[in-house]
Amino acid sequence: MQGRLSAWLVKHRLVHRSLGFDYQGIETLQIKPEDWHSIAVILYVYGYNYLRSQCAYDVAPGGLLASVYHLTRIQYGVDQPEEVCIKVFAPRENPRIPSVFWIWKSADFPERESYDMLGIYYDNHPRLKRILMPESWIGWPLRKDYIAPNFYEIQDAH
């Protein structure tokens, strides 16, 4: 079943894939990394003026990494704002996704956390560096194939 936004994107010949609706009835779309920045700008102009959240996850060991954006269309006089969930999948070998920091400033820390925990590079992010782990940390702790260093080895190093 195609949602309202998916139908609008099809009408304007914008490449995407509908993933259906979540349990709350929010439309979920998949966008390719190379199309994400231009579609993000279009969504902002279309009225999705609020980035409610951004997160990322490892789909499967050795598989794709996903960056997820929850966008809301906030308008005056509307009790129930329109929402959409966007998923952008990237290959684990070189996970690069355009940053949406310059569109939604609230993407700053969430994109940094996704980089820190999963190693997804957000192109054109102004301060893409570790935010939770020390700069010297090796690896990406939330990847499913991450091998955690022995606690005692870390403790003995200090």
Side-chain angles (χ1 to χ4, degrees), residues 2-10 12 14-76 78 80-135 137-146:
Q2 191 177 53
R4 237 167 86 187
L5 182 59
S6 183
W8 187 85
L9 291 171
V10 167
H12 291 88
L14 296 168
V15 179
H16 72 287
R17 180 174 163 227
S18 178
L19 299 176
F21 297 86
D22 70 5
Y23 70 98
Q24 294 178 315
I26 296 172
E27 186 175 8
T28 304
L29 304 175
Q30 178 183 342
I31 308 290
K32 292 180 181 177
E34 59 269 19
D35 299 329
W36 173 224
H37 188 265
S38 59
I39 289 181
V41 170
I42 290 166
L43 291 176
Y44 183 83
V45 171
Y46 184 69
Y48 287 94
N49 51 5
Y50 179 62
L51 174 64
R52 187 164 46 93
S53 69
Q54 185 277 330
C55 63
Y57 65 95
D58 189 349
V59 177
L64 298 171
L65 301 174
S67 188
V68 182
Y69 302 84
H70 291 96
L71 305 173
T72 305
R73 191 174 181 187
I74 297 177
Q75 298 171 311
Y76 292 108
V78 176
Q80 186 63 36
E82 192 176 326
E83 297 181 45
V84 67
C85 174
I86 305 290
K87 293 187 177 187
V88 182
F89 295 97
R92 119 184 279 101
E93 299 79 38
N94 187 21
R96 299 190 85 84
I97 296 173
S99 174
V100 293
F101 170 82
W102 300 107
I103 303 167
W104 297 286
K105 298 291 188 217
S106 59
D108 187 10
F109 280 19
E111 285 185 346
R112 285 180 60 189
E113 183 179 351
S114 298
Y115 163 73
D116 193 9
M117 296 288 107
L118 292 155
I120 299 173
Y121 293 91
Y122 291 91
D123 294 329
N124 298 319
H125 190 286
R127 292 176 293 279
L128 192 63
K129 61 181 183 174
R130 290 198 181 268
I131 191 170
L132 299 171
M133 305 302 287
E135 286 291 330
W137 196 266
I138 298 172
W140 315 109
L142 289 184
R143 286 193 182 188
K144 292 182 179 177
D145 55 2
Y146 178 72

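These values consider heavy atoms only, across backbone and side chains, with no hydrogens, waters or symmetry-generated copies.
Considering only residues two or more places apart in sequence or on other chains, Tyr50 meets the side-chain hydrogen bond (donor to acceptor under 3.5 Å, both in side chains) condition with none of them. In this view, Phe89 satisfies the ring pair (Phe, Tyr, Trp, His ring centres under 6.0 Å) rule with no residue, not counting sequence neighbours. In this structure, the side-chain hydrogen bond (donor to acceptor under 3.5 Å, both in side chains) partners of Ser67, at least two apart in sequence or on a different chain, are Gln54, Tyr69, Tyr122. In terms of the side-chain hydrogen bond (donor to acceptor under 3.5 Å, both in side chains) criterion, residue partners of Ser99 (sequence neighbours excluded) are, by chain and number, Glu111. Asp116 meets the side-chain hydrogen bond (donor to acceptor under 3.5 Å, both in side chains) test with Arg130; sequence neighbours excluded.
Put simply, SG on Cys85 and CD1 on Ile26 are 8.0 Å apart, with the number rounded to the nearest 0.5 Å. Atoms OH and CE, on Tyr146 and Met117 in that order, are 9.0 Å from each other to the nearest 0.5 Å. From Tyr57, atom OH reaches atom CG of Leu142 across 14.0 Å, with rounding to the nearest 0.5 Å. Within the model, atoms CG of Leu9 and CD1 of Ile39 stand 6.0 Å from one another, a figure rounded to the nearest 0.5 Å. Residue Tyr115 holds its OH atom at 12.5 Å from CE of Met133, rounded to the nearest 0.5 Å. Atom CG of residue Leu29 and atom CG of residue Leu43 lie 8.0 Å apart, to the nearest 0.5 angstrom.
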*asked:* Set out, in order, the CA-CA distance, both residues' side-chain angles and the distance that settles side chain to side chain contact (heavy atoms under 4.5 Å, CB included) for Lys87 and Thr28, then state yes or no.
replied: CA-CA 7 Å; Lys87 293 187 177 187; Thr28 304; 4.0 Å; yes

*When you look at Leu65 and Val59, which way does the side chain to side chain contact (heavy atoms under 4.5 Å, CB included) test go after all the steps?*
CA-CA 6 Å; Leu65 301 174; Val59 177; over 6 Å; no

_Pair Val68, Ile86 - check side chain to side chain contact (heavy atoms under 4.5 Å, CB included), show working._
CA-CA 6 Å; Val68 182; Ile86 305 290; over 6 Å; no

*Before giving the answer on side chain to side chain contact (heavy atoms under 4.5 Å, CB included), spell out for Asp123 and Ile97 the whole-Å C-alpha distance, their side-chain angles and the decisive distance to 0.1 Å.*
CA-CA 6 Å; Asp123 294 329; Ile97 296 173; over 6 Å; no

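Classification of the Tyr46-Tyr48 ring pair by plane angle, with boundaries at 30° and 60°, yields parallel. A perpendicular orientation is assigned to the rings of Trp140 and Tyr121, their planes being inclined by more than 60° (bins at 30° and 60°). Note on ring orientation: taking the six-membered ring where Trp is involved, the planes of Trp104 and Tyr44 are perpendicular (angle over 60°, cut-offs 30° and 60°).
Looking only at distances, a side-chain donor or acceptor of Glu27 sits under 3.5 Å from a matching main-chain atom of Leu5. No donor-acceptor pair closer than 3.5 Å links the side chain of Ser6 to the backbone N or O of Gln2. Remark: side-chain polar atoms of His125 are paired, donor with acceptor, to backbone N or O of Arg127 under 3.5 angstrom.
Pairing each heavy atom of Gly139 with each of Trp137, the nearest pair is O-CD1, 3.8 Å. Between Ser114 and Cys55, the shortest heavy-atom contact is OG-C, 3.9 Å.
Counting heavy atoms from C-beta on, the side chains of Arg92 and Leu64 never come closer than 4.5 Å. Arg112 places a side-chain heavy atom less than 4.5 Å from the side chain of Lys129. Proximity of Ile120 to Arg96: side-chain heavy atoms (C-beta onward) are nowhere separated by under 4.5 Å. Contact of the His70 side chain with the Ser53 side chain is registered, since non-hydrogen atoms from C-beta on lie closer than 4.5 Å.
The closest side-chain donor-acceptor pair between His37 and Asn124, if any, does not fall under 3.5 angstrom.
Sorted by first then second residue, the salt bridge (Lys or Arg N to Asp or Glu O under 4.0 Å) pairs that include residues 31-56, not counting sequence neighbours, are Arg52-Glu83.
Taking 4.0 Å as the cut-off between side-chain N and carboxylate O, Arg143 and Asp58 do not count as a salt-bridged pair.
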